[in-house]
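Comments concern the structure below.
All values derive from a computational prediction rather than experimental measurement. Every chain is numbered from 1, with letters handed out A, B, ... down the list of sequences.
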There are 2 protein chains.
Amino acid sequence: MTADSGPSRPVTTLEKAVEIVELLKGEDELELRDMTTELPYAKSTIHRHLETLIDTGYVLRTERGYRLSLKTLDVGIQTRRNHALYSVAKERVDTLAKETGEKVWCVIEENGMAVPIYGHSGENTVQSNVSVGEHVPMHQMAAGKAILAYLPDDRVESIIEQHSLAKVTENTISDPETLYEELSRIREKEVAFNREESGYRLHGAGTAVRNEEDVAIGAISVSGPARRLQGELFSEELPRQLLEIASDIEIDLLYS
Amino acid sequence: MTADSGPSRPVTTLEKAVEIVELLKGEDELELRDMTTELPYAKSTIHRHLETLIDTGYVLRTERGYRLSLKTLDVGIQTRRNHALYSVAKERVDTLAKETGEKVWCVIEENGMAVPIYGHSGENTVQSNVSVGEHVPMHQMAAGKAILAYLPDDRVESIIEQHSLAKVTENTISDPETLYEELSRIREKEVAFNREESGYRLHGAGTAVRNEEDVAIGAISVSGPARRLQGELFSEELPRQLLEIASDIEIDLLYS
DNA sequence: TAAATGTATTCGAGCCATTCGAACAGAAGG
DNA sequence: CCTTCTGTTCGAATGGCTCGAATACATTTA
C-alpha cells in the first residue's frame, strides 16, 4: 500500500455529511429511520445534518422521506463544463455518432477510474453498460486502456495496484503482465480495442487524446454490438475515424 | 416572509463545506489563497476541509489548486435518474425534437425554481439560454409558467413571494396580477407561451405534465428562434404536439 | 546563489459546536 | 383509544473544529 491513507486530521463532521449524501444517492428517497440503521450515528445527528442540507438546497423533504435535489445535477454539469476536453470534444463526438450510427463516448481519467463525461447515441445505438458520470475500472473499457497506454508508467502501476483488475467477462484482462503487453500494442496502433471485455456481445474501440507532452488527458471511443463492430470496419475503418477525431481535438485544445 | 428561515441549530461545519463546494463550482480551479479571501475562515480550516473533500473523492488537487471532481457529476446524474419524470419523458422528448427540429426540454420545479433536467436538440436548434441543471425563475420560461398554472394557489403565491418576478427582457411578466391572469389563460388552452420573455429573439411553448390530482409534476417545452416559432405553427401545431406528448407521459407515469 | 516573497501544510490549545440520549410530539395502524 | 413507529426538540458534556503561529515548500527577484 503506497497510496496515501488520507489526511491525518479529517473533518469528521463533513465525512458524516458525505456518507449521508452517498446513501441518498443510491435511492430515490429514504426515511430518517433507514439512515439510522445504515449509519452508526444518532438519529438526532443525522436529522440535524439533513436539516442543514435542506437549508442549503441539496436535499429535499418528500412526503415520506428525503432525497437529493437537482442542485447536485447543477454542480455536476458545471464541473463537466469546466473540463477542457468537454467543450471541444462534444460536437465532434456528435458528428462521429451520426457518421457511425453507434454510441460514441468522451472519457476522462479521474482517481484511477475511467469516467464517461459525454456520450452521444447514433442511429443504431444499443443499450450500453455504462453511463455518464459513472466511474468504471480503466482496464474494462477501450477508452480506459487507451488512456492507460499514454500515462506515465508509475501512474499506471499505482492505478493497477489501487483498483485491482477485476474480471467482468471471460475476456477481461485481469493479469498485469497481459495488460502491459496490451498497452504497448495499443501504443503501436494508437488504438485500443475492447472485445467483450466489459460485457458480452459488446465491442468497442478507443483512442487517447493527448496533450503536448504526449500524456493522455482523455479518450474518445465507439461502442456497439459485437455483431456489427467486427471485420475491417472494426479494425480499420473505425480506428481511422477515431484517430482523425482525436487529432482534431488535440489541435483544438492546443490552439484555443 | 412566511418562509422558514432554516433549522434552528444548523451544522455550521457542514455549511462551511457547502460554501467551499459552491465556490469551486463557479471556477475551473481555485488556489487555497483565493478561497481564504472569499470566505471568512482561517486558511487552515479551509485547508482541512479540502483535504477531507479530496479524501472522499469530491475534490481533486490540480497542479496549482483545487477543483471539483466528476463524482459530483455522478451524484447529479443519479439524482436525475431517480426522478420519475426523467426516464419516461426522455425518449418522447427525443422524438419530438426530431419531429420539430427545435430544442425540446423536460423541466421540473424544485424549491420554487424551474430546472431543465433533460434537453434534446433538433436539426435546426440554436444556442439556448438555459442548460440542464440550471435553476431558472419559473415565470421566465414557458415550461415554468405551465407548471405554475397547475400548482396549488398557495404554492404559487409563496413562490412569487420567495423569488420575486425579475425582468430579463421587455416582455418578462414582472407583475403578480399579470402573471395570475396569464396562468388562468394557460389553464384554458393548457399551453403556455413564451414570447421573448426569457431572451430576445427566442420563443417557447410548454405544457404541464400532471399527476392524478391534476397537479403539475413537470413540463415539456419547445424553444427556438422567434422567427421560426410563430404563426399557426407556434399557436396551433406545436401546442397540439405538446399536448399529445404530455398526455402520453401522464399515462406512462400512471401505469408503470 | 541567496534572499525575499508568496504559497501550502502542520500542529498545539482553547473553546465552541457537534453529538448523544432521552423526552416529546405527531402520525399511522390496530 | 391505545399502541407503535417515526420524526423533532433540547440539555449537557466532551471531543473535534477552528484559529493563529510556526514551518515547509515553491517561485520570483536581486
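In this model, a donor atom of one side chain and an acceptor atom of the other lie less than 3.5 Å apart for B:Glu22 and A:Tyr58. Under the 3.5 Å distance criterion, with hydrogens and angles disregarded, a donor-acceptor pair is assigned to the side chains of A:Glu134 and A:Ser131.
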5' to 3', nucleotides 21-30 of chain C under a 4.0 Å protein heavy-atom cut-off (B base, S sugar-phosphate only, - none) gives B---------
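In this entry the distance linking CD of B:Glu51 with P of C:dT10 reads 6 Å, nearest Å. Between B:Glu63 atom CD and D:dT27 atom P there is a gap of 10 Å when expressed in whole angstrom units. Here D:dC17 presents its P atom at 12 Å from CG of B:Leu14, a figure rounded to the nearest Å. In this structure, A:Asp34 atom CG and D:dC5 atom C1' are separated by 13 Å, rounded to whole Å. Atom-to-atom, NE2 of A:His49 to C1' of D:dG16 comes out at 12 Å; the value is rounded to the nearest Å. Taking atom CZ of A:Arg9 as the reference point, atom C1' of D:dG20 lies 12 Å away to the nearest angstrom. Whole-Å rounding puts the B:Tyr66 OH to C:dA8 P distance at 7 Å. Straight-line distance from the NE2 atom of B:His47 to the P atom of D:dC19: 15 Å, rounded to whole Å.
Taking the side chain of A:Arg33 as heavy atoms from C-beta on, and the options D:dT18, D:dT6, C:dC20, the nearest nucleotide is D:dT6.
The base of D:dG7 lies outside donor-acceptor range of the side chain of A:Arg64, with no N or O pair under 3.5 Å. Residue-to-nucleotide contacts include no donor-acceptor pair under 3.5 Å from the side chain of B:Arg48 to the base of D:dG16.
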Check the pair A:Val104, A:Ser221 against side-chain contact (heavy atoms from CB on, under 4.5 Å), reporting the backbone distance first and the verdict last. CA-CA 6 Å; A:Val104 180; A:Ser221 72; over 6 Å; no
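Counted within 6.0 Å of CD on B:Gln127, heavy atoms from surrounding residues, nucleotides or ligands total 12 or fewer; the atom is thus considered open. Within 6.0 Å of atom CG in B:Asp154, more than 12 heavy atoms from other residues, nucleotides or ligands are found, so the atom counts as buried in its surroundings.
Here the shortest heavy-atom pairing between A:Gly57 and A:Ser69 reads O-OG, 2.6 Å.
The side-chain heavy atoms of B:Ile159 and B:Leu148, taken from C-beta on, include a pair separated by under 4.5 Å.
Non-hydrogen atoms lying under 4.0 Å from DNA chain D are contributed by B:Lys16, all within residues 16-32 of chain B.
The one candidate from A:Ile77, A:Thr72, A:Leu73 that meets the side chain to side chain contact (heavy atoms under 4.5 Å, CB included) condition with B:Arg80 is A:Leu73.
For the pair B:Thr13 and C:dT18, the criterion of a side-chain N or O lying under 4.0 Å from OP1 or OP2 is met.
A cation-pi arrangement is absent between B:Arg61 and B:Tyr66 under the rule of less than 6.0 angstrom and at most 45 degrees off the ring axis.
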